There are 2 protein chains.
Amino acid sequence: MAAPTSDRVAGVARALKLLEIITLGPADGMNLTELSKKIEISKSSTLALLRTMTDAGFVRIKEPGPRYLPGMTLLRLGDLSRTTQPIDEIAQTYIPALAQEIGMTIRVALNEGGRPVFISRADAPGSVRFHTMLGAKEFPSVSSAGKAILANLSDEEIAAVIDETGLPTRTKHSHGSLSSLMRDINQVRARGYAIDDEEDVEGIFCIGAAFFDHAGRCGGAISATGIKTAARQKRTAFFGAQVVKCADAITKELHGRRAR
Amino acid sequence: MAAPTSDRVAGVARALKLLEIITLGPADGMNLTELSKKIEISKSSTLALLRTMTDAGFVRIKEPGPRYLPGMTLLRLGDLSRTTQPIDEIAQTYIPALAQEIGMTIRVALNEGGRPVFISRADAPGSVRFHTMLGAKEFPSVSSAGKAILANLSDEEIAAVIDETGLPTRTKHSHGSLSSLMRDINQVRARGYAIDDEEDVEGIFCIGAAFFDHAGRCGGAISATGIKTAARQKRTAFFGAQVVKCADAITKELHGRRAR
DNA sequence: AACCGTGTTCGGCAACGCCGAGCATCGCGA
DNA sequence: TCGCGATGCTCGGCGTTGCCGAACACGGTT
């Protein structure tokens, strides 16, 4: 974007951007002129890109009046890139049971430079379904998984991460300052798990706990999400213990296997 | 590949191929020389492609001795391309319950020109986890979902599809001829659901039933997969009815909403 | 029937990205 | 400790590629 395009392949960058536009676009697809306007490339060039990506299965054409949709190759590679993560298989064996047990939606996030990237999810039966953007980097300050990860960084590292990401104020409970966040983080360190009390979404309550890879570094965190109710509030300590127990089990499994 | 590269963008095609190689490659990634050899492109050009894709987040670099891995953008877009399918949300509300009820792994496939493409999965608690390649086109002749889809095509269309895909003999129970398959298909039509009795994998037993979109066309199928046991065999009719019931529920939901 | 708006084709100019050679760096073994 | 090989990375020149704009074809609408 702002970077010098030297020794990069402009055509590929445009294609990937186009792919993202298509995927983020409306569910019934976009047509050629819409796409070409959006990406600011001539129609003929846009068409060439689309054709190339269609050949490779990354883009699907929906007749009539050709509309372009994300193709199945994208889904295939995306799924594959998740399942090859060693953590995924482990998580899939522990997560559904926890979701069942405490009746909350469980999510798994990787630690990407101090920020959580959610890669997996398990719903509790009958629970409200929470929309999760898999693969997207979340703000660490407004999610319990993010805070659980932060708690394992040094104070300087935390400051550096927050300096980059900023502190979004999603609700009136969101942390507005670094010092406020740090007070919370210190509680997390003492408590062993993180709490997100309506800091991301009004009425939503989360508990998060970190797990650690074979080198002892924080590999990520799991979090439990649910509607904030009085009954649930009362049992926070119990739920917290369950989440920590599950995270610890994942840590143990991770230690059992080499990086390969 | 074999097609004339006219009005296609060669650079993009190479990049996408590279992306696929990386994703299909080993879990700990590949280095530059390996990749450049595999794709048969000079190292410098390969590097330029990798850098471009890294900028866009499609490729991730793992230090040390830079190894290249699929990036998080791939996961994000892949997940997004699935969740924007109208079928996905519906399936996610019905599928886990069915998995729970009959104790088998449930999968959802779309109908892509007569071939099943699996886009979603729900495991039964405690069941063996079956490895599923999401987004990949399966052979229609060796899966119950595939046969459930085929059963809704005309005999000529079936012949055309099989002519393209061929009849792979995965096990000794796989259909070896079109006539053998057609006999099976006719049973499916009469019965209302398809059975895969060790035709894909030795010892694995599946039941599949189709669902239909708002235009009345076969939109895909769901299938239940499990280890073949005597107890399960005996209750085939009951399980079949449950799978059909679930597929019908999905059909009803699909009718309720416009293409939008 | 004329008119937009769409998708698609075509040709020419030049920029872009491909390649191979050379340099820097790391890691392993003697 | 030193040297050698392999790997990642840089650089510049040549040639091809892929970009663009204009023109064409088609369909639906007024």
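Quick note on labels: first sequence line is chain A, next is B, and so on, each numbered from 1. These numbers were taken from a predicted model, which means no experiment stands behind them.
- If you check every strand for non-hydrogen atoms under 4.0 Å, Arg14(A) touches sugar and phosphate atoms only.
- Comparing the helix axis at one end of the helix from dA1(C)-dT30(D) to dA30(C)-dT1(D) with that at the other, each defined from 5 consecutive pairs, gives an inter-axis angle of 40° (nearest 10°).
- Distance, Arg8(B) CZ to dG18(D) P: 12 Å, rounded to whole Å.
- Map Tyr68(A) and Leu49(B) each onto its nearest nucleotide of DNA chain C; the residue landing nearer the 5' end is Tyr68(A).
- Only Lys43(A), listed by number, bring a heavy atom of residues 34-43 of chain A to less than 4.0 angstrom from any atom of DNA chain C.
- A pairwise comparison of heavy atoms in Leu75(B) and Gly78(A) identifies CD1-O, 3.6 Å as the closest pair.
- Across dC11(D), dG17(C), dC9(D), the shortest atom-to-atom separation from the side chain of Ala10(A) is found for dG17(C).
- In this structure, Leu32(A) reaches the bases: a heavy-atom distance under 4.0 Å links it to at least one base atom across the strands shown.
- Spacing between atom CZ of Arg67(A) and atom C1' of dG5(C) amounts to 14 Å, rounded to whole angstrom units.
- For the pair Asn31(B) CG and dG5(D) P, the interatomic distance rounds to 19 Å; values are reported in whole Å.
- Using a 4.0 Å heavy-atom criterion, one finds that Thr33(A) contacts the sugar-phosphate atoms exclusively.
- Distances shown here put a side-chain N or O of Ser45(A) below 4.0 Å from the OP1 or OP2 atom of dC20(D).
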